[in-house]
Amino acid sequence: MATGLGQEAPESTRLDVLVAGAGYVGLATAVSLKQARPSLRIAVVDAAPAGVWQKDGRASAIAAAACRMLDQLGIWAEIAPQAQAITQMIITDSRTADPVRPIFLTFDGEVAPGEPFAHMVANRDLNGALRHQAERLGIDLIEGVAVQSFDTSTTGLTVHLADGATLSARLLVAADGVNSRLRDMAGIKTVRWEYGQSGIVCTVAHERPHNGRAEEHFLPAGPFATLPLKPDKDGTNRSSIVWVERTEDANKLVEGDDLVFEVELEQRFGLKLGEIRAMDKPRAWPLGLTLARAFVAPRLALAGDAAHGIHPIAGQGLNLGFKDVAALAEVIVEADRLGQDIGALDVLGRYQQWRRFDTMQMGVTTDVLNRLFSNDIAPLRAVRDIGLGLVERMPRLKDFFIRQASGLANGTPRLLKGEAI
Ligand SMILES: Cc1cc2nc3c(=O)[nH]c(=O)nc-3n(C[C@H](O)[C@H](O)[C@H](O)COP(=O)(O)OP(=O)(O)OC[C@H]3O[C@@H](n4cnc5c(N)ncnc54)[C@H](O)[C@@H]3O)c2cc1C
C-alpha cells in the first residue's frame with residue numbers, strides 16, 4: 001500500500017484513529033489529535049489520487065475562530081502571507097438589470113484589535129499547509145485508495161480498503177464529504193434536498209484594488225458574492241466569486257461561450273473596480289442541504305460535509321466543519337487522558353450533543369435565507385429590505401452577527417478560541 005509520505009504501510013496496521021478523507025476536515029482532525037496526543041497512532045486515507053487536491057482553484061472564507069484554530073495547530077503561519085483579510089462586507093438586494101444597487105447592510109471592524117472577522121484563503125494553500133503539518137507530526141497519509149467497508153466489534157473495528165488492505169482501529173472518523181459512503185455504510189440516514197441551484201466559482205481579475213471589501217448581492221436566482229483575494233505574483237488585483245444560478249443556467253454559462261460568460265459576469269460584478277476578466281475556467285457546483293440524522297455510531301464519528309452540507313449563502317460550510325474538528329478533538333483527547341475508550345458510544349455521544357444543535361441551526365438559517373432572498377416576489381422583497389435596514393441601524397445586533405459569523409459565539413471549543421487542548 002503506497003502512502004503519501006513515501007512509506008510502505010504493512011498489510012494490516014493497528015491504529016488508534018483512522019480518518020477517511022484528506023479534505024480540510026479530515027486532515028485538521030488528524031493534526032489536532034496527533035498534536036495533543038502524540039502517542040495516538042493515526043492515519044488518513046483518501047480515495048483521490050495523489051496531487052488531485054492541487055487542482056482545486058477555489059478559495060474559502062475562513063472565519064476568525066477557524067484562523068485561531070489553524071494558528072494553534074501551527075498551520076496559520078504558512079498560510080498567512082497569502083491570506084487576504086476581509087475588512088468590510090456589504091450586502092445589497094436588487095435585480096440583475098438595476099442600474100444602482102443600494103447598500104442595505106455593511107459589516108466592518110474586527111473581532112479583536114488587529115483580528116479581522118474573516119480571511120480569504122486559497123483552498124490549495126490551506127490543504128498544502130495541513131498536509132505539511134500532518135507530515136511533520138508523522139501522520140500516515142494513504143492516497144488513491146477508498147475505504148470499501150468496515151466491521152465493528154465491541155473493542156474496535158476492521159477497515160477494508162479498496163486495494164484489499166486491512167487496517168484495524170479503535171475509532172473511524174468519516175470526513176469523506178457530502179456524499180459520504182461511510183455514513184451510508186453505518187446506516188445513518190439524512191435529511192436531504194436539492195436547491196435546483198448551482199454555485200459558479202471562478203477568479204476574476206480587476207483593474208483597481210478591492211481594499212479588502214467583500215460584497216454579496218442578493219439577486220432573484222441566488223446570491224452573487226465577490227470575495228477579495230491577495231494580488232497574484234504579478235500584482236494583478238483579484239477576487240473570487242461565488243455566483244448562484246438555477247442549475248440549468250449555471251451549466252449553460254460554464255459550458256458555453258466565454259464571451260457570453262464574461263458579459264453576464266460584468267453585468268453582475270459591475271465596473272466599479274475597472275475592467276474585469278475571468279482568470280480561470282469557471283466551474284459549477286450543485287447545491288443542496290444534507291443533514292445527517294446522527295453524527296455518531298459505534299466507533300464512528302461523522303465530521304464536516306459528511307455530517308452536513310449547507311448552502312454557501314453565508315460562506316459557513318467549511319467553518320462548520322472546523323467546529324466539528326475542534327469539538328471532536330477536545331472530546332477524544334479528554335477521554336484518552338482519562339483512560340476511556342475513545343471509540344465508545346458514550347464518549348462519541350458527547351461530541352454529537354455538542355455539535356448537533358449548532359449544525360441544525362446553521363442548516364435551517366442558510367435554508368431560510370436562500371428561500372427568502374433567491375426570488376423576486378415583491379412583498380418578500382419589501383419585508384427583507386425593511387429587515388436589512390433595521391439591522392443596519394442596530395449596532396449591537398450587527399456586533400452579534402459579526403461574532404456569529406466569526407465563529408466566536410458561546411460554547412466554542414477550545415481550539416477555536418486559540419487555546420490548546
Ligand atoms: C460553491 C461553493 C463555495 C463554498 N464556499 C465556502 C466558503 O467560502 N467558506 C466555507 O467555510 N465553506 C465554503 N464552502 C463549503 C466547503 O467547500 C465544504 O464545506 C468543505 O470543502 C468540506 O470539507 P470536507 O473536508 O468535509 O469534505 P471534502 O472537501 O469534500 O473532502 C472529502 C474527502 O474525502 C475523500 N473521500 C471520499 N470518499 C472516500 C472514501 N470512501 N474513502 C476515503 N476517502 C474518501 C475525497 O477524495 C475528499 O478528499 C463552499 C462550497 C461550495 C460548493
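Counting starts at 1 for both ligands and their atoms, following the listed order.
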- Would you say the side-chain atoms of R136 and Q133 include a donor-acceptor pair closer than 3.5 Å? yes
- Message: Suppose I only count heavy atoms of A48 and a 4.0 Å limit; which atoms of ligand 1 are within that range?
- Response: 47 (O)
- Message: The test is salt bridge (Lys or Arg N to Asp or Glu O under 4.0 Å); show your working for K252 and E245 and say whether it passes.
- Response: CA-CA 10 Å; K252 274 190 207 146; E245 284 288 342; over 6 Å; no
- Item | Identity and separation of the nearest protein heavy atom to atom 1 (C) of ligand 1 | V201 CG2, 3.5 Å
- Which residue owns the protein heavy atom closest to atom 37 (C) of ligand 1, what's the atom, and how far is it? D176 O, 3.5 Å
- Which residue owns the protein heavy atom closest to atom 44 (N) of ligand 1, what's the atom, and how far is it? A47 N, 3.1 Å
- With sequence neighbours excluded, what pairs up with W354 under the ring-ring contact (aromatic ring centres under 6.0 Å, His included) test? none
- Pick from D341, D151, D16: which one makes a salt bridge (Lys or Arg N to Asp or Glu O under 4.0 Å) with R299? D341
- Task: Mark yes or no for whether K230, through its side chain, and P81, through its backbone, hold a donor-acceptor pair below 3.5 Å.
- Result: yes
- Query: Which one holds for D305 and ligand 1: side chain close, backbone close, both close, or neither close, with close meaning a heavy atom under 4.0 Å?
  - Reply: both
- Query: Does the N or O separation between V242 and ligand 1 drop below 3.5 Å for any pair?
  - Reply: no
- Message: Looking only at side-chain N and O atoms, does W53 offer a donor or acceptor that is under 3.5 Å from a partner on D46?
- Response: no
- Query: Do D46 and ligand 1 have an N or O pair less than 3.5 Å apart?
  - Reply: yes
- Does the protein put a heavy atom under 4.0 Å from atom 12 (N) of ligand 1? yes
- Heavy-atom proximity to atom 28 (P) of ligand 1, best of P286, G177, S198: G177
- Message: Tell me the contacting part of L227 for ligand 1: side chain, backbone, both, or neither, using a 4.0 Å heavy-atom threshold, strictly below.
- Response: neither
- Interfacing atoms of ligand 1 (cut-off 4.0 Å, heavy-atom, G304): 26 (O)
- Check each heavy atom of R58 against ligand 1 and say whether those closer than 4.0 Å belong to the side chain, the backbone, both or neither. side chain
- Can you tell which of L318, D324, I142 gets a heavy atom nearest to atom 10 (C) of ligand 1? L318
- Message: More than 12 heavy atoms of other residues, nucleotides or ligands under 6.0 Å from CD of Q353: yes or no?
- Response: no
- Item | Contact (N/O only, under 3.5 Å) between G315 and ligand 1 | yes
- Would you please classify the geometry between the Y351 ring and the F295 ring as parallel, tilted or perpendicular, with 30° and 60° separating the classes? tilted
- Message: Is there a polar contact, in the sense of an N or O pair closer than 3.5 Å, between L287 and ligand 1?
- Response: no
- Closer than 4.0 angstrom: is that true for some heavy atom of A175 and an atom of ligand 1? yes
- Any N or O of L182 closer than 3.5 Å to N or O of ligand 1: no
- Query: Residues two or more places apart in sequence or in another chain: which of them pass salt bridge (charged side-chain N to carboxylate O under 4.0 Å, His left out) with R414?
  - Reply: E330
- Task: Taking the side chain as every heavy atom from C-beta outward, state whether I313 and V244 have any atom pair closer than 4.5 Å.
- Result: no
- Message: What I want to know is whether N319 and ligand 1 share at least one N or O pair that is separated by under 3.5 angstrom.
- Response: yes
- Query: Can a salt bridge be assigned to the pair E135 and R131 using a cut-off of 4.0 Å between side-chain N and carboxylate O?
  - Reply: no
- Can you say whether the rings of F224 and F269 are parallel (under 30°), tilted (30 to 60°) or perpendicular (over 60°)? perpendicular
- Query: For ligand 1, is there an N or O atom under 3.5 Å from any N or O atom of A303?
  - Reply: no
- For ligand 1, indicate whether the residue Y24 contacts it via side chain, backbone, both or neither (heavy-atom separation under 4.0 Å). both
